[in-house]
Amino acid sequence: MTSKNLVCFILMAVFVFRSAGAESVTITVDTSAEKPISPDLVGIFFEDLNYAADGGLYAELVQNRSFEYQATEQPTWGPMTGWDFVQRGGGKGDFWVDSSCPIPPNNPHSLLMEVKSAGEGVGLSNAGFDGIAVATGEKYDFSVFARMLNVGVGRDNKPAGRLPLNVRLESKEGAVLGEANLEASDPTEWKQLTATITANQTVTDARLVVLVKAPGLIALDEVSLFPQATFKGRKNGLRNDLAQAIAELHPKFVRFPGGCLVHGDGVTNLYRWKDSIGPVEQRKGQSNIWRYHQSLGLGYFEYFQFCEDIGAKPLPVVAAGVSCQNSTHTRGTGQQSIPMADMAAYVQEVLDLIEYANGPETSHWGSKRAAAGHPLPFGLKYLGVGNEDKITPEFKERFKMIFEAVKEKHPEIVVIGTAGPSPNGEDFDKGWQFATELGVPMVDEHYYKSPQWFWDNLKRYDTYDRSKPHVYVGEYASNDNKRRSTLRSALAEAAWLTSLERNGDVVAFASYAPLLAKRDHTQWTPDLIYFNNTAVFPTINYEVQKLFSRNSGDKWVESRAKTSSNGEIPRDLAYSTVRESGSGDLIVKIVNGANSVCPIRLELQGSRSVPAQASRLVLSASDASIANEDGHPPAVHAEASSITVAPAFDYEAPANSLTILRLPQRP
Ligand code: AHR
């Protein structure tokens, strides 16, 4: 027999053995033995990566609304990226990108336009992010900042009067899909002009056109168009369908605004939270490490607001005073650190964030939150400091300064430290050692691994020292073949989550990463939710996250498993047993990663009564390699049913499946 044949023979033998169901597995649950576990285990991690914010969750429909795109973001980009100068029906004019008179200095560019002869209009057109999707009957809020500098041309120039503007949504073919008329009149200062446009057709590729209808000179900036139907109807809000898909995950927390994005491409590119609050035209957009522009229209206020809207705890992350060590792939910076002379100010910036979130409205930063429309505190409790940083002396010195200042001024805040980008290795070891010595309450671990790695490491946290910092698994995903989302990868993550539930006394939080990806604009795969301008495509992995977050417990119920011959259970079987205290339900999860049915006997011991029926959710498919091709997920959803149960009963876990049984058990 050749070695190839031998391998085939062994694989077949294993398959026949499993399919024949020779060995069943008995899971014995002691319903009266419980330990508390994290009630907030499953959350989400949002990062502006893959066009997750601008062009994604942030509902702004105009791309490059304030003429701030730069060639440092992408070589072909500049202030006019996304814009076309239009001269209609005999109209003639000219335009310049101007930086002599910005709205605030943070946002240096604006557009100067001279209309020499109006014809049917001279102006600008913007096709949004791959086209603007509008729907019949929907209302859109248009706004623009304008300074009318002159009316008329040549000798007729006069710095007073009115310049008429026409704003319209147009189809690709030029049909008007809705319009509004405005007038610019103030020559001395920027004025915001607003109008509402109602769309009369549904198209996916409209453009916004702003036409000046008389000769004159005008400055324009911050040209914006929002659907009125944002998530919860918030102004400067979020795209409803995407926000809804996130809300349906019922995440217990939201980590934001990113991972690498936070510690940025060199120290001048750190995410500075103060740049992201206040009136949007005053926010200081910048390039992000993923090589596109972030307007910061979706900023700290909007993040906190979103957390509150979906009932999730906010978990912001600030840079630990150093930049991303991987900056080298863009501009060759490597890890840079804030000069020590500037660190006191940086530490204060972190303390100010806590005041912004939690301070009374009479406090300096609390008053800014109140001015934005939220006088009550946001109830911030957790703060991440650092993201997968290289554990260098510079990092340690700066982390310690931030950590000790927060601990002293805000002992109520739980700081989460960092332990490198991998589940082991130098930065992992050094990060953990440093955090333990310093007494940091929680450490953030990250891993992107194969499905097999997850199955092979299900006991990882069983032996973690409970006296050390707790764990936040801030980023994880199982990368199947060619980094695709498959049922196989989703089941590996489900198995992993059962192990986190079992260790929910030491693992406080876990979030899959990345969360969002716009089709054709991905810098990272796989992702949890794909989308385009009109549709949302959640993955099978999303289903798993949703099933776990909606069926999490706050107590671990003791259980053990063995095969009928008293052996170790198969390596592709995982289970967990938790209780949801509010309802009293016992929730049993079983993940069968094998291509064959796994016969299981469930024995419920202990003082709790056993109901006659349990509800059941099953996520499965015959082929584990079923994938989310090009962002389109196959329809694999959990099927709901109910089953008869007893103090001891048999259950067949389908091939490639996650089963969730809910047994009502009143004390
Ligand atoms: O989730 C994508 C990236 O992976 C994060 O930005 C970073 O923290 C990690 O390397």
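We use all heavy atoms of the structure for the numbers below, so side chains are in, but hydrogens, waters and symmetry mates are not. Order of listing sets the numbers, starting from 1, for every ligand and every atom in it. If you're wondering where the values come from, they're calculated on a predicted model, not measured in any experiment.
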> Within 45° of the ring axis of Y530 and under 6.0 Å from its six-membered ring centre, is that where the NZ or CZ of R519 lies?
Replying inline: no
> Can you tell me the protein heavy atom closest to atom 8 (O) of ligand 1 and the distance?
Replying inline: E475 OE2, 2.7 Å
>> Show the atoms of ligand 1 that are less than 4.0 angstrom away from any heavy atom in W290.
In response: 6 (O)
>> Under 3.5 Å, is there a donor on one side chain and an acceptor on the other for D130 and H521?
In response: yes
>> Under 4.0 Å from a heavy atom of C260: which atoms of ligand 1 are those, numbered in the order shown and with their elements?
In response: 5 (C), 6 (O), 7 (C), 8 (O), 10 (O)
> Taking only residues two or more places apart in sequence or in another chain, which ones pass salt bridge (charged side-chain N to carboxylate O under 4.0 Å, His left out) with D429?
Replying inline: none
>> Could you check whether any heavy atom of Y476 sits closer than 4.0 Å to an atom of ligand 1, since that is the contact criterion I want to use?
In response: no
> Against heavy atoms of E388, which atoms of ligand 1 measure under 4.0 Å?
Replying inline: 7 (C), 8 (O), 9 (C), 10 (O)
>> Can you confirm, on distance only, whether ligand 1 has an N/O atom lying under 3.5 Å from any N/O atom belonging to Y448?
In response: yes
> Is any N or O atom of E47, backbone or side chain, closer than 3.5 Å to an N or O atom of ligand 1?
Replying inline: yes
> Quick check: does F45 get an N/O under 3.5 Å from an N/O on ligand 1?
Replying inline: no
>> On the six-membered ring of F301, is R369 placed so that its NZ or CZ lies under 6.0 angstrom from the centre and within 45° of the ring axis?
In response: no
>> Angle between ring planes, Y300 versus Y303, binned at 30° and 60°: parallel, tilted or perpendicular?
In response: perpendicular
> Which atoms from ligand 1 have a heavy atom of L49 less than 4.0 Å away?
Replying inline: 2 (C)
> Would you call P421 a ligand 1 contact, heavy-atom distance under 4.0 Å?
Replying inline: no
> Looking at W77 versus Y292, is the centre-to-centre ring distance below 6.0 Å?
Replying inline: no
> Side chain or backbone of N326 under 4.0 Å from ligand 1, or both, or neither, by non-hydrogen atoms?
Replying inline: neither
>> Between F434 and F399, is the ring centroid distance below 6.0 Å?
In response: yes
> Parallel, tilted or perpendicular: which describes the rings of W496 and W453, with under 30° parallel and over 60° perpendicular?
Replying inline: tilted
